[in-house]
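Since we're looking at a predicted model, the values are computed, not measured.
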Amino acid sequence: MTAGLLGVPLGSVLSQRLRKRFPTADPVICAIGLLLSAPLLTGACLLVSSQTALTYALIFFGQLALNMNWAIVADILLYVVLPTRRSTAEAFQILISHALGDAGSPYLVGAISVAIKGHLTSQPKMISQQGLQSMSQVLENATETVTEGLKEFAKASSSEDVISFKALQYSLFSTTFVEVVGGIFFLCTACYVISDRRKATQASMGLRLAPGESKTRQDLFDSDCLVMCTDIALRERA
């Protein structure tokens, strides 16, 4: 919770300060947050069984970097969409993010965990079947085989817990993979966000440039001011 309370305003502050100097700062900040969060959360998954304090620290900073994109994504969505379509775009964004995130990801991680657990539990059976094929070796090492069998029987419950833990640990790595993919998509978004914002601003103000017209005309208008004026005009009409 603390990481969320700090990460959301941190992303907003960074966006407001860097956007004046770097017009593509918004998607770049989102990409950096995701790409930083991926190795931190991966390290937390790897160290959870040995370093508890370090695991919590990695989770905190990973969630802090991850939560930086919440406010920025909403801001990007608002200034690249026409004012009359923003509510629909925001609704679709919230629906898709929760459908693929809050609702779909637990089932997907669980399905991956079950598949990995089945693979891990099948390996000891394969080894035991291969051992039974060599009867002479079993007869020569009868005492050792019985002893090892008793030890494995005594540790059956603990080994089952270890397999379940490993399966869930490996399945959680899929979330960090999705973070890396999301960071790549945000970097691709940085290549188009300026032109998309300009088109949305021009469409909202009814501006259309001819194919051979110079782009100096559109630079005279500040997009933030135009969007604000459009919102005021829509409120007055309502």
Side-chain angles (χ1 to χ4, degrees), residues 1-15 17-18 27-74 94 96-128 147-187:
M1 185 179 69
T2 304
L5 293 175
L6 296 177
V8 174
L10 177 62
S12 179
V13 171
L14 290 176
S15 173
R17 292 188 177 183
L18 297 178
V28 172
I29 292 173
C30 294
I32 293 175
L34 289 175
L35 295 177
L36 283 177
S37 176
L40 293 175
L41 295 181
T42 301
C45 291
L46 293 174
L47 298 176
V48 65
S49 59
S50 58
Q51 301 289 337
T52 304
L54 183 58
T55 299
Y56 279 113
L58 292 175
I59 292 175
F60 173 78
F61 288 108
Q63 291 292 329
L64 181 68
L66 179 62
N67 287 317
M68 288 196 305
N69 63 4
W70 280 101
I72 302 177
V73 168
I94 295 174
I96 294 174
S97 63
H98 286 288
L100 299 179
D102 302 350
S105 59
Y107 173 79
L108 180 61
V109 172
I112 296 174
S113 176
V114 171
I116 295 175
K117 183 178 179 180
H119 177 70
L120 293 177
T121 53
S122 64
Q123 290 181 353
K125 294 179 181 180
M126 294 173 60
I127 295 174
S128 61
T147 304
E148 291 178 358
L150 293 175
K151 290 181 179 179
E152 291 179 359
F153 179 78
K155 297 179 180 179
S157 58
S158 61
S159 63
E160 182 69 19
D161 294 337
V162 171
I163 292 176
S164 300
F165 170 77
K166 290 295 183 181
L168 184 59
Q169 182 185 40
Y170 295 154
S171 64
L172 287 175
F173 290 151
S174 61
T175 59
T176 58
F177 172 76
V178 173
E179 285 185 312
V180 174
V181 174
I184 295 174
F185 279 127
F186 271 117
L187 292 178

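- Rounding to the nearest 0.5 Å gives a distance of 11.0 Å between CG of Leu41 and CG of Leu36.
- No side-chain heavy atom of Phe185 sits less than 4.5 Å from a side-chain heavy atom of Leu34.
- Here the closest non-hydrogen pair linking Ala167 and Leu120 is N-CD1, 4.2 Å.
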Under 3.5 Å, which donor-acceptor pairs link side chains of residues 174-183 to any protein atom two or more places apart or in another chain?
residue, atom, partner, partner atom, Å
Ser174, OG, Ser171, O, 2.6
Thr175, OG1, Leu172, O, 2.5
Thr176, OG1, Phe173, O, 2.6
Glu179, OE1, Ala38, N, 3.4
Glu179, OE2, Ser37, OG, 2.9

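- Interatomic distance, Leu14 CG to Ile29 CD1, rounded to the nearest 0.5 Å: 5.0 Å.
- For residues 64-74, no residue pair satisfies the salt bridge (charged side-chain N to carboxylate O under 4.0 Å, His left out) rule, not counting sequence neighbours.
- Interatomic distance, OG1 of Thr42 versus CD of Gln169, reported as 10.5 Å (0.5 Å rounding).
- In this structure, OG on Ser12 lies 10.5 Å from CZ on Arg17, to the nearest 0.5 angstrom.
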Give the table of side-chain donor-acceptor pairs shorter than 3.5 Å for residues 52-70, with sequence neighbours excluded, one pair per line with atom names and distance.
residue, atom, partner, partner atom, Å
Thr55, OG1, Leu47, O, 3.0
Thr55, OG1, Val48, N, 3.4
Thr55, OG1, Gln51, O, 2.5
Asn67, OD1, Trp70, NE1, 3.2
Asn67, ND2, Gln63, O, 2.9

